[in-house]
Amino acid sequence: MTKRVALLCTLVLLVLVTGFVYIPTVHTAQAATVNKKELVAVLDFPTFFDIEGKPIEQFNNTIKTATLLELSPHTVQAFLSIEDKTFYKHNGMNYKRVVGAMVNNVKAKRLKEGASTISQQLVKNTYLTNEKTFKRKYEEVMTTFKLEKQLSKEEILTLYLNTIFFGRGAYGISHASLVYFGKKANDLNLAESATLAAIIKAPNFYSKPENHAALLKRRNLVLSEIYKDERCSLEEYNKAKASELAFISAEKQTLDIAYKNAVLEEVSIKTGIPVKALGNKNLNIYTTFSQEKQDILNEAEQKEIKRNKRLAHFLNASVMLDTHGRVLAMTGEHNQTHIMRQPASAAKPFMVYAPAFEKSIVNPLSLIEDSPIEIDGWKPANASGTYDGWVTVKDSLKRSLNTPTVRLYEKIGAKEVDEFSRKCGINLDNQEINNAISLGSFRRGMNVVELAGAYLPLASEGEFIKPYFVEKIELKTGGILYKNKSEKTQVFRTDTAFLVTDILKEATRSGTSKNIGNLGFDVAAKTGTQGSGINAQNTDIYSVAYTTENIVVSWVGSRDFKDRNTMPKEVNGATVTTNLNKKILENLYKEHKPKGFKIPPSVVELRIDKDELKKGKLLLASEYAPEENVTKSFFSVHNRPWQKSENFPEPTMPGSVWERFLAWYNYVCQRNQ
């Protein structure tokens, strides 16, 4: 962009600014009066209800709002210095700042910075929609001028500080002080005040632990602005700048903060209201939250993860769904729907094995090669480093072998895998459609809710429904904004879902999920372990377990992928997260046992000749074959063996009655041994 074009754009923008200066003088007298009651009644925060329609005590903001006199001068100044230095001088618009921002945006060839005053931000968050049009901007400016005429500066600033969104489900300075620092707003020091003022620029970004380095940088910028404004001494500035981000530990925070954040995000998507403005919209939000299930996750997490010193520096999360797609409970430090990680082997059942059964490419006892493989320089290996030659598909999934899985993926084809993945709620871009996704390694990754949702077709007879947190959203003044109408879609046949589930049931007895075994009811489970790629340690570990009623996913992962932050090899999906899921399931089904997985009419159980299977032939066993020479397996009627083995033919009967009796007697004795 040339200087001439930039100058022309700037002049045009100046004309627009001049128009905004002139418009109020012409139209303010004619315009309708701002509804002052609506503007000041924004401290009635949303009320959240659980799956039974009862208010959720820890979600509902009952914290007293703060007055300016109750706040430290440092706290008030932190927001003024970084958000609106001339707040007490302008009439709602900072024209100099608008021009400066416009010039900088033209120079940067993008919308690099904004110029909203605190008054404008209050109007945007409490009075208008988030529609990005010139008409809405005009309404914002006009409403801001009216606001400035009807409310004092102190009233505007008080409303602003008590309604602004700080992330982690916190609306208002009092709530944010408690969530982040465990103290009242009037007890905030200079560094803490600057931190909260820094967060509001991008609360969902800065509130995440992995982005705290960026938050620290912005906090120090706020401190420098306070010092420039001569609102703190050099000594105070240096002391605050040298301090760490002293957030309270995750254990002291509400353990269901991840769930509340996910609810707010879904409400925002369904209503079109920005998350930062939801705290002021007087809503009744009916969720799928179950306090009983949340307590089960919290208790298990405390015992199995938080008290394990080896895991102290790692992130973790658990989520529980029912088979209707309702998210009943979720733990984590913040919104777990934003953490996208490689699901590793936890993706194998729905990405490879179920499609292979669905397309009748293999059945559970089909043989597939387990040996070293190389594809365009990529050399996937089994976790054990050993290979067994030929194995059944059932053994491959039960033991989570890698090389047979890759070979099976090639038999299915990338197009089919992509199609089934999308039906299970996973969107892969073209750059991810390669052999590595067969082992759960793809660029976008998955979050714990998506992973749990992908198992829904396996747990509920092949049907998928997108997991959800919100049943209904009402206005407190009356009227329904949203009501969930999610419908199930058939992804796999019932026999496909059953066959994969049956193998994963076996995995809890003799496979990678055997630590979950012996619960006394039907449970299917799969592990996942993602290696670091830089050493022999791990970055992410998973356990997925499900019954006919619920799906539970537990995950532990590194905060970053640096060598020092990886997990020891013995900390893997088969140990830590499997033990966690076992504890969750034990507590979940203390009072009742879930029904077993039902064998669908399209599944048959057949006797297979074990000796022929060892030779690579899948043949039905003779009805006269001894049990030690037979293995039983379930098959889909769409892909079952029909040919019978010639071993153990029907015994020939001798001529005399006595000889026939002796032959029959010997046969019966042999069968009963």
Side-chain angles (χ1 to χ4, degrees), residues 74-75 78-79 81-83 164-173 175-183 185 187-227 237-262 264-265 275-276 301 305-306 309 311-317 330-341 445 447-448 532 539-540 555-567:
H74 285 320
T75 301
F79 289 88
S81 291
I82 196 65
E83 292 295 318
I164 197 165
F165 181 58
F166 289 87
R168 298 194 182 184
Y171 291 94
I173 188 72
H175 195 193
S177 301
L178 187 65
V179 167
Y180 284 95
F181 300 109
K183 59 173 62 175
D187 293 329
L188 292 170
N189 60 35
L190 177 59
E192 292 163 345
S193 299
T195 301
L196 293 181
I199 285 173
I200 63 173
K201 179 179 176 64
N204 286 329
F205 174 80
Y206 286 122
S207 63
K208 295 180 182 179
E210 60 265 37
N211 297 327
H212 282 179
L215 174 58
L216 188 64
K217 184 177 179 181
R218 180 157 178 83
R219 183 206 69 177
N220 291 341
L221 171 64
V222 176
L223 288 171
S224 68
E225 292 300 316
I226 297 173
Y227 178 67
Y237 166 68
N238 287 332
K239 180 180 178 181
K241 187 177 179 181
S243 65
E244 300 287 338
L245 293 175
F247 293 151
I248 60 172
S249 65
E251 288 86 349
K252 292 182 180 179
Q253 294 179 19
T254 172
L255 288 172
D256 38 39
I257 190 171
Y259 194 101
K260 183 178 181 181
N261 282 344
L264 290 171
E265 183 176 84
V275 171
K276 65 180 181 180
E301 182 179 292
I305 303 295
K306 299 302 182 184
K309 293 182 179 179
L311 305 175
H313 301 297
F314 300 111
L315 293 169
N316 71 280
M330 184 167 68
T331 65
E333 290 188 19
H334 46 82
N335 194 342
Q336 299 304 324
T337 61
H338 284 206
I339 298 181
M340 312 297 285
R341 295 295 184 94
N447 60 52
V448 289
S532 70
T539 59
D540 298 273
W555 161 78
V556 176
S558 303
R559 291 185 180 273
D560 56 42
F561 302 106
K562 296 178 181 178
D563 185 55
R564 67 180 182 276
N565 290 329
T566 52
M567 292 173 275

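We number each residue from 1, following the sequence as shown. Keep in mind that the numbers below use all heavy atoms, side chains included, and drop hydrogens, waters and symmetry copies. Source: prediction; values computed, not measured.
Considering every non-hydrogen atom in both Trp555 and Ile339, the closest pair reads CH2-CG2, 3.9 Å. Here the closest heavy-atom approach between residue Met340 and residue Asn447 is recorded as SD-ND2, 3.7 Å. Contact record, Ser177 with Ala185: OG-CA, 3.4 Å, taken as the closest heavy-atom pair.
Within the 4.5 Å cutoff, the side chain of Asn316 has no heavy atoms near those of the Leu311 side chain. A 4.5 Å side-chain heavy-atom check between Phe314 and Thr566 finds every atom pair outside the cut-off. Contact of the Leu196 side chain with the Phe181 side chain is registered, since non-hydrogen atoms from C-beta on lie closer than 4.5 Å. Between Phe165 and Asn204 there is a side-chain heavy-atom pair separated by less than 4.5 Å.
Judged by distance alone, the side chain of Glu225 and the main-chain N or O of Val222 form no donor-acceptor pair under 3.5 Å. Here the side chain of Arg341 pairs a donor or acceptor atom with the backbone of Ser558 at under 3.5 angstrom. Looking only at distances, a side-chain donor or acceptor of Tyr180 sits under 3.5 Å from a matching main-chain atom of Phe166. Judged by distance alone, the side chain of Asn261 and the main-chain N or O of Gly169 form a donor-acceptor pair under 3.5 Å.
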Donor-acceptor pairs are to be reported for all side-chain atoms of residues 211-218 against protein atoms at under 3.5 Å, with residues two or more places apart or in another chain.
unit_1, atom_1, unit_2, atom_2, d
Asn211, ND2, Phe205, O, 3.0
His212, NE2, Lys208, O, 3.4
Arg218, NE, Ala198, O, 3.3

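Thr75 pairs by the side-chain hydrogen bond (donor to acceptor under 3.5 Å, both in side chains) definition with Ser193, not counting sequence neighbours. Every residue was checked against the side-chain hydrogen bond (donor to acceptor under 3.5 Å, both in side chains) condition with Lys239, not counting sequence neighbours, and none meets it. The side-chain contact (heavy atoms from CB on, under 4.5 Å) check on Ala240 picks up Leu190, Ala191, Leu223, with sequence neighbours excluded. Residues passing the side-chain hydrogen bond (donor to acceptor under 3.5 Å, both in side chains) test with Ser243 are Arg219, sequence neighbours excluded. Under the rule for a side-chain contact (heavy atoms from CB on, under 4.5 Å), Ala246 has no partner lying at least two apart in sequence or in another chain.
To the nearest 0.5 Å, atom CD1 of residue Ile164 and atom CZ of residue Phe79 are 6.5 Å apart. For the atom pair Met567 CE and Thr539 OG1, the distance stands at 6.0 Å (nearest 0.5 Å). Taking OH from Tyr259 and CG from Leu264, the interatomic distance works out to 11.5 Å, rounded to the nearest 0.5 Å.
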>> Go through it in stages, so that I can follow the logic: the residues are His74 and Asn189, the test is side-chain contact (heavy atoms from CB on, under 4.5 Å), and I'd like the CA-CA distance, side-chain angles, deciding distance and then a yes or no.
In response: CA-CA 7 Å; His74 285 320; Asn189 60 35; over 6 Å; no
If you apply the rule side-chain contact (heavy atoms from CB on, under 4.5 Å), what do you find for Lys201 with Ile82, and how did you get there?
CA-CA 10 Å; Lys201 179 179 176 64; Ile82 196 65; over 6 Å; no
- Stepwise side-chain contact (heavy atoms from CB on, under 4.5 Å) test for Thr195 and Phe247: CA-CA 10 Å; Thr195 301; Phe247 293 151; 3.8 Å; yes
